[in-house]
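Notes for the one structure printed next.
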Amino acid sequence: MGRYNPKVSEPHWRARWADTDTFRTLTPEEAGDRPKYYVLEMFPYPSGRIHMGHVRNYTMGDVVARYKRAQGFNVLHPMGWDAFGMPAENAAMEKGVHPKGWTYENIAAMREPLKQLGLAIDWSREFATCDPEYYGQEQKLFLELYRRGLAYRREGVVNWDPVDMTVLANEQVIDGCGWRSGAPVEKRKLTQWFLRITHYADDLIEGLKGLDRWPDKVRLMQENWIGRSQGLRFHFDVADGAPSGFDRVEVYTTRPDTLYGASFVGVAADHPLALALAESNPALAEFIAECRRGGASEADIEAGEKKGFDTGVTVSHPFDPDWKLPVWVANFILMDYGTGAIFGCPAHDQRDLDFARKYDLAVTPVVLPAGADAASFTVGTEAYVGPGRIFNSQFLDGLAIEEAKAAAIARVEADGRGQGATVYRLRDWGVSRQRYWGCPIPIIHCPDCGVVPVPQGQLPVRLPDDVAFDKPGNPLLRHPTWRFVPCPTCGKAAERETDTFDTFVDSSWYFARFANPRADTPIDKAAADYWLPVDQYIGGVEHAVLHLLYARFLTRALADDGLVGVKEPFAGLFTQGMVTHEAYRSQNGMWLQPNEVEKRDGLWVDTEFGRPVEVVGVEKMSKSKRNVVAPEDIFEQYGVDAARLFVLSDSPPERDVQWSTAGVEGAWRLIQRIWAEFDAQPEGRPGAPDLSEDGLALRRASHLLARQITEGLETFRFNLAVARMHEMMAVLKSHPAAGASPARLAARHEALSILARLIAPFMPHLAEECWSRLGEDGLVAEAPWPKADPALFAQDESVLAVQVNGKRRAEIRAPKGAAEADVEAIALADADVQRHIAGQTVRKVVVVRDRIVNIVVG
RNA sequence: GCCGCCUUAGCUCAGUGGUAGAGCGCAUCCUUGGUAAGGCUGAGGUCGACAGUUCAAUCCUGUCAGGCGGCACCA
C-alpha cells in the first residue's frame with residue numbers, strides 16, 4: 001500500500017524506454033506488414049525554455065504516436081529544431097553571445113524537459129535547421145528550383161522592417177507592421193529572390209478539396225489568401241492626351257457585365273502611365289508622392305478616403321468608340337493586383353461610387369433589382385451589388401448578371417480587345433532576408449557572368465563564424481573576406497549573395513528530411529515514399545496560412561521534380577488551442593505571477609502582504625502579463641503525467657485551455673485514484689473473467705471504456721476520453737477488491753489491464769507502473785491496444801421513456817426490439833400513463849424502438 | 001464591412017430529434033492508521049433570445065444578440 005510517487009516512477013520508466021530503445025522507428029524491412037504512420041508536431045523554435053504550449057502540442061502528438069503504436073503501426077514521431085532566425089541575432093547584439101552558441105545551448109536546454117515529458121520520439125533522427133548538414137541540402141534544393149525557373153531574382157517594392165532591418169513577405173506584414181518587430185513597415189525597392197508560388201496557385205486551391213482531414217477553417221483561410229477571382233482582362237484604346245508609347249490602358253474586372261455603367265478609368269499611383277505623365281506634370285508628381293506616403297499609413301486605410309487626380313487623358317469605351325472616358329490616378333487602386341488599372345462603375349461598386357460622388361462623375365445604373373422600375377431606379381450613396389437584370393446596356397439588356405458577363409467577355413474576345421482571365425491575390429514568395437543567422441543563398445554574382453549558382457561540389461555554403469554584431473544590418477555584408485570569391489564560371493573576382501533565406505524556407509521541407517535525416521541528398525526518395533505524407537500534423541492555427549501554404553507549395557515543386565511522390569505534405573492536420581491563464585494585477589498596476597497570488601476567503605490577494613489583487617482576465621500566457629506557469633515547476637510538484645493529463649483534459653484540443661492550480665490538482669487526484677485501484681488489487685492472476693453477475697457490470701464498463709476512449713482518440717477529443725476515465729473510477733470504486741468474489745476479482749483484473757493500456761497514451765509513466773503492478777508482461781508501451789467485446793453490450797431488455805404530449809411521464813421496460821404494438825400496450829397499461837391520459841382521447845402513439853413512446857392525447 | 005466559429009450548472013466543458021451529464025468549485029456529513037488525504041449525500045439548468053418545422057427541438061431551419069478568429073480599398 002502506498003501513494004503513487006511520480007518522482008520515483010517517472011525517471012524509472014523513462015530509463016527503461018531509453019535502455020530498450022522502445023521508440024526507435026522501424027525500417028520498412030523491419031516493419032514488415034505493419035502499416036506506417038507518420039505523426040509530427042510543428043517543430044519548436046529553440047528559445048531556450050519550453051512553455052505550456054509546447055507541453056500541450058507535444059503531448060497531443062505523443063498521445064497519437066503511442067496510440068498508433070499500440071494499434072500495430074510502424075510510427076515515425078521525430079523531433080527537430082527550427083533554429084535559424086532573428087532572436088539569435090538579437091541575443092548576439094544585446095548580450096554579445098554568438099548566435100550559433102546561443103542556439104545550440106538553447107536546444108540543449110529545451111531537449112531535457114522535452115525528454116522529461118516522456119515523449120515517444122525517435123531521438124536518433126533529431127536535427128536543427130542551422131546544422132550545415134541540413135541547410136547545405138536546402139541550398140541544393142534551392143538550386144534545383146532555380147534551374148527549373150521556380151526561383152528568380154527581380155527588383156520589386158518590398159516591405160522593409162526598419163527595426164529588424166530586413167525584408168518581410170506580405171504574409172509577415174500584419175496591419176501594416178512587421179509580424180515580429182511590430183514596427184510600421186516601409187516600402188523600399190530592392191532586388192530580391194522570389195519563389196514562384198503563384199505557378200501553383202490553382203493547384204493549391206484545388207488541392208484543398210482533397211484535404212478532408214484538415215479543419216475547414218484552415219482550408220477557408222488558405223482559399224481566401226490565394227484569392228482566386230474570375231474576370232476579364234482587356235484594354236481601352238487611348239483617345240487623347242497620353243504620352244507616346246501609351247496607346248492602351250490594360251484593365252482587369254470581375255464585372256464585365258457592368259461595362260455600360262463605366263464612367264471613368266482609374267490607374268494606380270505607381271502605374272507606368274501615371275509615372276510617365278508625372279514627368280511633365282508637377283501637380284501629378286506631388287499627388288503620386290502623397291499616395292506613396294499615405295498609402296502605408298494605417299489611419300488613411302481606416303478612413304478609406306478616396307483621392308484622385310484627373311490626368312486629362314481620355315480613352316474610348318470598348319463597345320462604343322465615340323464614348324470617351326476620363327483617366328484618373330486614384331489612391332485606392334493597387335499596382336500589384338490585376339493590371340494596376342480598373343474601369344470604374346460607380347453604380348455597382350462602393351469604392352467607385354465614393355470616388356464618383358467626390359469628383360462628380362456619372363453614376364449610371366446597369367443592374368436592375370427584381371421589382372425595381374427601370375425608369376426611376378437610381379443609386380444614391382450605396383452601390384447596388386445584388387442580383388438583377390442588366391439594363392441601359394445595349395446588347396446586354398435583359399440578361400442576368402452571369403449571362404451578361406459571358407456575353408461581354410465573348411464580345412471583347414471577338415473584338416480582340418482582351419480575354420477572360422483568372423487573377424490571384426497570392427503573390428510570389430520573397431525569400432531574401434538581410435540577416436546573418438539563416439541559410440545562405442548559394443549564389444555568386446559575377447560582373448561578367450551575372451548570377452552564377454554555387455557548384456554542387458562547393459556546397460554547403462557555410463556561414464562564417466567570425467562575425468561582428470556591433471552595428472545594425474547584415475554582418476555578412478560587412479565580413480572582410482567571406483563574400484569575395486572567384487566566379488565559378490570565369491574565375492574573375494566575384495561576390496557571394498549575402499542575403500539568407502526566410503526561415504519559412506527551412507520549415508517548408510523538414511518533414512521530408514525526417515524520413516532520412518542523414519541522407520547525402522536533400523530527400524531520400526525511397527524513405528520519403530515510404531513515410532510521406534505526414535498522417536497527422538499538429539500545431540498552432542497561427543500557421544494556417546504562412547507555414548502550411550509554403551510547405552504545400554514546396555512539396556508540389558519537389559513532386560514535379562520527382563524528389564517526392566506526393567503533392568500534399570500533410571494528409572491530416574490538427575490545430576490546437578493555446579494555453580491561457582488568469583492574469584493578476586496589483587493595486588499599483590504591477591503584473592503578478594501566479595505563484596505570487598493566492599485566494600483567501602474567495603478573494604485574490606498577493607501572498608506576501610495579503611493586499612487585494614485584480615484578476616484581469618484569461619489571456620495567453622505571456623511574459624508581459626507575467627501569467628506564465630513554468631512546465632518544469634509543474635513536473636517537479638505534480639509529475640509529468642499530471643501536467644500531460646491536465647493539458648489534455650479541460651478543453652477540447654482545438655480550443656484554448658485555461659491553466660489553473662485547481663485543474664492540475666484534479667489531474668493529480670485522478671492519477672492517485674487510478675493507482676489506488678491497482679494498488680488495492682491482490683497480486684497474482686485470477687482466472688478468466690466469466691459472465692456471472694458479480695463481475696458483469698464491471699466487464700461492461702471496462703469494455704465500454706475501451707470503445708469510448710478509442711473513439712475519443714480517433715476523433716481528437718482527448719478531453720472526452722479523460723472524462724470517461726473519471727467515470728470509470730466510479731465504477732471501479734463501486735466494485736472494490738476488498739471482500740470481492742473470485743468472479744469480481746477476475747473482472748477487476750481484466751478491467752485494470754484494459755485501463756492500464758487505455759491510459760498509456762495519456763499518462764505513460766503511470767500506466768507502466770500500473771501494468772507492472774498488475775503483473776503483466778513487458779512494457780505497456782509495447783502492449784496491443786485493447787479491443788472491446790461487443791457481445792458484452794448486448795442487452796435483452798430496454799428501458800423506454802413514455803411521453804404524453806411530449807412531456808416525460810413514465811418509464812417502462814420492454815424486451816429489446818419488441819414490436820411496436822406490444823410496446824404500445826405496455827405503455828398504455830402503465831399506471832402513471834393512465835393517470836395522464838385519463839378522460840382524454842388517444843389520438844396517436846409514436847413508438848421509437850428501444851428508446852421512447854410518445855402518446856398524443858387531446 | 002465580408003467570411004467562419006462559439007453561446008448547456010458558479011467555472012471549464014460533454015451530449016443527443018425522444019429520461020439534460022462530467023470534472024472542478026460550493027454546501028452538509030463521515031473518516032483522521034490510505035493524510036501534500038479519502039469518502040457519503042446534496043443544492044445548483046427557460047441548454048443565449050425569438051420564431052418556424054415536428055407527435056416531440058437544447059439538437060434541424062430562419063432572424064436577432066453577445067463573444068472569438070480570419071480577411072479587409074483584391075477591381
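All values below come from the heavy atoms of this structure, side chains included, with hydrogens, waters and symmetry mates left out.
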### Task
Specify the residue among A:Y337 and A:E677 whose closest nucleotide of RNA chain B lies further upstream toward the 5′ end.
A:E677
### Query
B:C5 phosphate, OP1 or OP2: any side-chain N/O from A:K217 under 4.0 angstrom?
no
#### Entry: Contacts of type ring pair (Phe, Tyr, Trp, His ring centres under 6.0 Å), residue A:H547, not counting sequence neighbours
A:Y537, A:H543
#### Entry: Spacing of A:I671 atom CD1 relative to B:G34 atom P, expressed in whole Å
22 Å
### Task
Establish, with yes or no, whether the OP1 or OP2 oxygen of B:G25 is under 4.0 angstrom from a side-chain nitrogen or oxygen of A:R669.
yes
### Message
Would you say the ring centers of A:F309 and A:W328 fall short of 6.0 Å from each other?
### Response
no
### Query
Tell me: CG of A:N719 to C1' of B:A22, nearest whole Å?
11 Å
### Message
Using the ring pair (Phe, Tyr, Trp, His ring centres under 6.0 Å) criterion, which residues pair with A:F718? Sequence neighbours excluded.
### Response
A:F716
### Query
What's the closest nucleotide to the A:K306 side chain, out of B:A56, B:A14, B:C73?
B:C73
### Query
Using the ring of each side chain (for Trp, its six-membered ring), is A:F264 parallel, tilted or perpendicular to A:F355, with breaks at 30° and 60°?
tilted
### Task
Please determine, for the side chain of A:L220, which listed nucleotide (B:G4, B:A37, B:G15) has the closest atom?
B:G4
### B:C5 OP1/OP2 closer than 4.0 Å to side-chain N/O of A:R219
no
### Task
Kindly compute the distance separating CD1 (A:I342) from CG (A:D352), expressed to the nearest 0.5 Å.
4.5 Å
### Query
For the ring pair A:H317 and A:F343, is the centre-to-centre distance below 6.0 Å?
no
### Task
Compare side-chain N and O positions of A:R3 against OP1 and OP2 of B:G38 and report whether any pair is under 4.0 Å apart.
no
#### Entry: Pairwise distance CG(A:L353) to NZ(A:K358) - rounded to 0.5 angstrom
14.0 Å
### Message
Output the pairing pattern of RNA chain B as a dot-bracket string, 5' first, Watson-Crick or G-U wobble with both distances under 3.5 Å, | for cross-strand pairs, [ ] for crossing pairs.
### Response
(((((((..((((....[..)))).((.((.......)).)).....(((((..]....))))))))))))....
### Task
Can you figure out which of B:G18, B:C6, B:C71 approaches the side chain of A:V846 most closely?
B:G18
### Query
How far does the C1' atom of B:U12 sit from the matching atom of B:U53, given to the nearest Å?
34 Å
### Task
For A:K733 and for A:V853, locate the closest nucleotide of RNA chain B by heavy-atom distance; then report the residue assigned to the nucleotide nearer the 5' terminus.
A:V853
### Message
Within the 4.0 Å heavy-atom criterion, would you say A:I855 contacts the bases, only the backbone, or no part of the nucleic acid?
### Response
nothing
### Query
So, is A:R717 near the phosphate of B:G15, with a side-chain N or O under 4.0 Å from OP1 or OP2?
yes
